[in-house]
Amino acid sequence: MTTERSLVLVKPDGYARGLTGEVLRRIEAKGYRLAALKVVSPTTDMLHRHYAEHEGKPFFEPLVEFMSSGPVTAVVIEGEQCIAGFRSLAGATDPTKAAPGSIRGDLGRDWGAKVQKNIVHGSDSPESAAHEIGIWFPEL
Ligand code: IDP
Ligand code: MG
């Protein structure tokens, strides 16, 4: 059995606020390995592929615009059950509701925008992880 991998993004809000190191610290402290890491300015095409499941939703265009607003740190993390484990570290999508102790609960808040700026992305299934790693790390 191969070790599970997940695609983590430190979104433009987290990058701009200087929280990349704090996110990476929490991933490493949890025990997951950093298998690949880079700072990327994503294209609209990459973001449309990454967020294809949300096309047509009211927050889709604001989401693509937000994710294009600055650099993103893309990371492949590795470790048994790291997909569910990182989702737990990240906390709920809405940072107002995310539990204290989670990345979004500790570091995020509502800024009154059309899209929730919630610091991180994490893959939600092995299929999504494979798809997303292909978008952000085509060289892997
Ligand atoms: P996730 O990032 O927790 O997996 P998804 O449902 O996949 O959440 O949504 C992708 C991203 O779109 C979220 O992280 C958040 O930035 C934004 N988003 C999701 N739902 C809403 C919403 O109802 N209002 C505003 N923004 C949202
Ligand atoms: Mg998602």
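Order of appearance sets the numbers: ligands from 1, and atoms from 1 within every ligand. What you see is a predicted model; the values in this text were computed from it and never measured.
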Main-chain N/O of Asp124 paired to Arg87 side chain as donor or acceptor, under 3.5 Å: no
Near ligand 1, at a heavy-atom separation below 4.0 Å: residues by chain and residue number: Lys11, Tyr51, His54, Phe59, Leu63, Arg87, Thr93, Arg104, Lys114, Val115, Gln116, Asn118
Selection residues 103-113 - residue pairs positive for salt bridge (Lys or Arg N to Asp or Glu O under 4.0 Å), sequence neighbours left out: Arg26-Asp106
Identified side-chain contact (heavy atoms from CB on, under 4.5 Å) counterpart of His50 within the set Leu63, Leu7, Asp45: Leu7
Donor-acceptor contact present, side-chain Thr73 to main-chain Val39, <3.5 Å: no
Residue pairs involving residues 56-65 (criterion side chain to side chain donor-acceptor pair (under 3.5 Å); sequence neighbours excluded): His54-Lys57
Inter- and intrachain pairs under salt bridge (Lys or Arg N to Asp or Glu O under 4.0 Å), touching residues 28-40, at least two apart: Arg33-Glu78, Lys38-Glu139
